[in-house]
J.: 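Please read through the structure below; I'll follow up with questions.
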Amino acid sequence: MSEELAWTQEKKARFQEDLLTWYHLEKRDLPWRESTDPYRVWVSEIMLQQTQVVTVIPYFNRFMEWFPTIEELANANEDKLLKAWEGLGYYSRVRNMQHAAKEIVETFDGKMPSNIVDILSLKGIGPYTGGAIGSIAFSLPEPAIDGNVMRVYSRLFCLSDDIALPKTRKVFDKYVRETMSQTEPGDFNQALMDLGATICTPTKPSCQTCPIKNYCEAYKTDMTSSYPVKKKKEKAKPLYYVANILKNDNGAFLLEKRPSDGLLADMWTFPMKEVTKEEYDGLSQAYDTVETSTKMVAEQLSLYDDEKESIKDKQLLGIVTHIFSHRKWHILVVADTLSVSADNCLNNQEWVYLDEFSQYVFPKPQQKMVDILKKSMNN
DNA sequence: AATGCGGGGGG
DNA sequence: CCCCCAGCATT
């Protein structure tokens with residue numbers, strides 16, 4: 001699969017020099033690069049997992065204001081913590097980070113440990129993040145292999161291993177470990193990330209301006225478009241829902257807290273009921289036609305069996321679609337046109353006024369539903 | 001090794 | 001509509 005690494009020591013040194021020189025001239029000016037404080041490096045690297053730089057910047061700045069030290073992160077209120085991450089996705093990242101912060105306070109005197117074994121022992125810190133923290137904050141000669149680095153190295157050495165496979169990371173680990181700077185590992189790793197983000201891009205890489213093109217096997221053979229090799233992922237499975245917007249006599253809306261495990265754990269949404277594709281199609285048809293169908297709709301819907309008597313009229317406000325990694329949600333957003341009484345909600349539910357919504361943590365699909373609700377109220 | 005876990009951008 | 005971007009925990 002992979003060819004032998006046959007670079008001389010001299011070639012490795014020139015390669016590192018060329019890459020580092022480029023980085024020192026061209027590196028992006030990013031808030032977390034103002035210092036190499038381990039906590040700032042840690043927060044930024046966790047946020048940057050599966051998330052683009054432009055998205056992370058405002059979240060990072062606010063997070064450092066809200067939780068300036070590891071100790072304050074360890075003691076942070078859970079709702080505020082989740083609020084700091086709202087909209088960023090992969091919410092277990094921030095839960096794991098607080099878990100690790102508590103470990104650091106209890107076991108490591110409140111300071112990020114400076115050896116790679118202890119760094120990697122912390123919850124939420126795997127090989128990539130551990131290498132990034134170790135190299136940037138503590139100058140440890142550890143690789144930090146993310147998707148950018150695998151793309152760069154797959155082209156550099158024409159490595160055909162499928163980067164979607166877990167075992168492939170070990171192949172790249174060997175190559176990066178053998179070619180990386182031992183004196184400036186942090187800058188070397190960040191240079192690779194910047195190169196992957198700005199020059200050695202997934203499509204149409206800017207090879208002419210690449211500082212290491214003369215070392216690149218794929219560039220020499222005009223094969224950059226063949227790398228990296230990556231297995232295609234499965235399509236998102238469609239799921240269908242009806243979200244019910246209920247307003248009580250006081251004008252508050254019913255929100256529901258999702259379970260503590262699984263997708264969007266502990267976050268708030270309008271109550272949602274999963275339906276089959278056939279029910280979904282039937283309902284959207286019914287809503288689209290006439291009022292005479294509303295009774296049928298109410299019967300089919302049966303969102304709240306207890307209150308079925310009160311479901312007299314419903315209105316389709318809009319449709320929300322949202323794509324996750326493996327699922328695609330199709331949501332009919334439905335409002336009751338008649339108020340219901342202000343008592344009577346389940347343990348995981350609350351009646352909330354619109355101007356209080358900002359105090360609740362909403363995932364993106366819910367934010368889209370709120371937008372639809374607000375728009376309908378302006379009409 | 002396979003799966004679950006969000007959300008963004010561009011063509 | 002399609003495509004691309006992906007670490008870590010869990011099992």
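Letters A, B, ... are given to chains in the order of the sequence lines, protein chains preceding strands, and every chain is numbered from 1.
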J.: According to the interplanar angle, ranging from 0 to 90°, do the rings of A:Phe270 and A:Phe253 count as parallel (below 30°), tilted (30 to 60°) or perpendicular (above 60°)?
T.: perpendicular

J.: Taking the side chain of A:Lys235 as heavy atoms from C-beta outward, which of C:dC2, C:dC5, B:dG7 is closest to it?
T.: C:dC2

J.: For A:Pro228, answer base if it contacts any base atom (sugar-phosphate contacts may also be present), sugar-phosphate if it contacts only those atoms, and nothing otherwise; contact means non-hydrogen atoms under 4.0 Å.
T.: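 A:Pro228: no heavy atom of the nucleic acid under 4.0 Å.
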
J.: Rounding to an integer number of angstrom, what distance separates B:dA2 and C:dA6 when you compare their C1' atoms?
T.: 15 Å

J.: Find which nucleotide of DNA chain B each of A:Phe324 and A:Lys231 is nearest to by heavy atoms, and output the residue with the more 5' nucleotide.
T.: A:Lys231

J.: What is the separation between atom NE2 on A:His326 and atom C1' on B:dG7, rounded to the nearest whole Å?
T.: 14 Å

J.: Please tabulate, one pair per line, each protein N/O and nucleotide N/O from nucleotides 8-11 of chain B that are separated by under 3.5 Å, including the distance.
T.:
from	atom 1	to	atom 2	distance (Å)
B:dG8	OP1	A:Lys364	NZ	3.1

J.: Just how far, in rounded Å, is C1' of B:dG7 from CE of A:Met267?
T.: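 So the CE-C1' distance, A:Met267 to B:dG7, works out to 12 Å.
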
J.: Distance check needed: B:dG7 P versus A:Leu88 CG, whole Å only.
T.: 9 Å

J.: When the P atoms of C:dT11 and B:dG6 are considered, how many whole Å apart are they?
T.: 16 Å

J.: Which sits closer to the 5' end of DNA chain B, A:Lys167 or A:Ala265, going by the nucleotide each is nearest to?
T.: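 Comparing both residues, the 5'-ward one is A:Lys167.
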
J.: What I want to check is whether the side chains of A:Tyr90 and A:Thr51 have a donor and an acceptor closer together than 3.5 Å.
T.: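 Side-chain D/A pair, A:Tyr90 to A:Thr51: absent.
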
J.: I need the NZ-P distance between A:Lys230 and C:dC3, as an integer number of Å.
T.: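 That distance rounds to 13 Å.
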
J.: A:Leu317 and A:Leu332: side-chain contact (heavy atoms from CB on, under 4.5 Å), yes or no, with the steps?
T.: CA-CA 8 Å; A:Leu317 298 187; A:Leu332 295 178; over 6 Å; no

J.: Using a cut-off of 4.0 Å on non-hydrogen atoms, how would the nucleic acid contact of A:Lys328 be classed: base, sugar-phosphate, or nothing?
T.: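 Sugar-phosphate only.
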
J.: Calculate the interatomic distance between A:Trp329 atom CH2 and B:dG7 atom C1'; express it in whole Å.
T.: 13 Å

J.: Centroid-to-centroid, A:Trp7 to A:Phe15, below 6.0 Å?
T.: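 They qualify: ring centres under 6.0 Å apart.
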
J.: Rounded to whole angstrom units, what separation is found between the CZ atom of A:Arg151 and the C1' atom of C:dA6?
T.: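 It works out to 11 Å between those atoms.
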
J.: Between A:Lys277 and A:Asp281, is the closest basic N to carboxylate O distance under 4.0 Å?
T.: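 A salt bridge is present here (some side-chain N lies under 4.0 Å from a carboxylate O).
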
J.: Check every atom of C:dC4, B:dG7, B:dA2 against the side chain of A:Pro202 and return the nucleotide holding the closest atom.
T.: C:dC4

J.: Whether A:Lys80 engages the ring of A:Phe67 as a cation-pi pair (distance to the six-membered ring centre under 6.0 angstrom, angle to the ring normal within 45°) should be assessed.
T.: yes

J.: How many whole angstroms separate atom CG of A:Leu264 from atom P of B:dC5?
T.: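 These atoms are roughly 9 Å apart.
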
J.: Got a sec: does the CG of A:Asp222 have more than 12 other heavy atoms crowding it under 6.0 Å?
T.: no

J.: Will you find, in the side chains of A:Glu350 and A:Tyr360, an N or O donor that is under 3.5 Å from an N or O acceptor?
T.: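 There is such a pair between these side chains.
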
J.: Can any side-chain N or O of A:Glu86 pair as donor or acceptor with the backbone N or O of A:Phe362 at less than 3.5 Å?
T.: yes

J.: Could you pull out the protein-nucleic contacts involving nucleotides 7-11 of chain C (nitrogen or oxygen on both sides, under 3.5 Å)?
T.:
from	atom 1	to	atom 2	distance (Å)
C:dG7	OP1	A:Gly147	N	2.1
C:dG7	O4'	A:Gln50	NE2	3.3
C:dG7	N9	A:Gln50	NE2	2.8
C:dG7	N7	A:Gln50	NE2	3.2
C:dG7	N3	A:Gln50	NE2	3.2
C:dC8	OP1	A:Gly126	N	2.9
C:dC8	OP1	A:Gly126	O	3.2
C:dC8	OP1	A:Thr129	N	2.8
C:dC8	OP1	A:Thr129	OG1	2.7
C:dC8	OP2	A:Pro127	N	3.2
C:dC8	OP2	A:Tyr128	N	3.2
C:dC8	O5'	A:Gly126	N	3.4
C:dA9	OP1	A:Gly124	N	2.4
C:dT10	OP1	A:Lys123	NZ	3.2

J.: Without decimals, in angstroms, what is the distance between A:Tyr59 OH and B:dG7 P?
T.: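 After rounding, the reported distance stands at 8 Å.
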
J.: In the strands shown, is B:dG6 matched to any nucleotide by a Watson-Crick or G-U wobble pair with both distances under 3.5 Å, and which?
T.: none

J.: Validate the cation-pi geometry between A:Arg40 and A:Trp42: distance from NZ or CZ to the six-membered ring centre under 6.0 Å, angle to the ring axis within 45°.
T.: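 Judged by the rule (NZ or CZ under 6.0 Å from the ring centre, within 45° of its axis), A:Arg40 is not positioned above A:Trp42.
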
J.: Base, sugar-phosphate alone, or nothing: which one does A:Lys232 contact when heavy atoms must sit under 4.0 Å apart?
T.: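 Nothing, no heavy atom under 4.0 Å.
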
